[in-house]
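The shown structure was predicted, so the numbers you read here are calculated from the model rather than taken from an experiment.
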Amino acid sequence: MAVNQISWQVIADGQYRLSGSLDRDTVPVFWRQRNQWMPHNKQLTLDLADLSRVDSAGMVMLLHLCQQLKQTGSSVMLHNIPQELKTLFRLSHIEPMLTACME
């Protein structure tokens, strides 16, 4: 996979993996194409272990994803959150908003 790409993979029913670079260069196109990858499960797990890079644009996209899924009645659990993303959450003072969906 090229460094500046995002990949959304279905692992099992309700389990997904996000990999690649989640940054200002990749997020806009990926988000516009969300109808192709947006899950419709009531409970879902998103594994972030394979993210090679995350910046503030990627963090905001994940926040929007969690909000949008919550509005449709879904619950989201983020697994294997990269340390750089945890740091962004903490520095942005949004960690408390996400504690329910972080493992």
Look only at the side chain of [X] and the backbone of [Y], and say whether a donor-acceptor pair between them is shorter than 3.5 Å.
X	Y	result
T72	L69	yes
S7	G20	no
S74	K70	no
N41	L44	no

Report yes if the side chains of [X] and [Y] come closer than 4.5 Å at any heavy-atom pair, otherwise no.
X	Y	result
L65	V76	no
N80	D50	no
W31	M38	yes
S92	M59	yes
R32	P28	yes
L51	L18	yes
T45	Y16	no
W8	P39	yes

Rounded at 0.5 Å granularity, tell me how far CG in L78 sits from NZ in K86. 11.0 Å

For the atom pair OG (S52) and CG (L22), what is the distance rounded to the nearest 0.5 Å? 9.0 Å

State yes or no: are the ring centers of F30 and W37 separated by less than 6.0 Å? yes

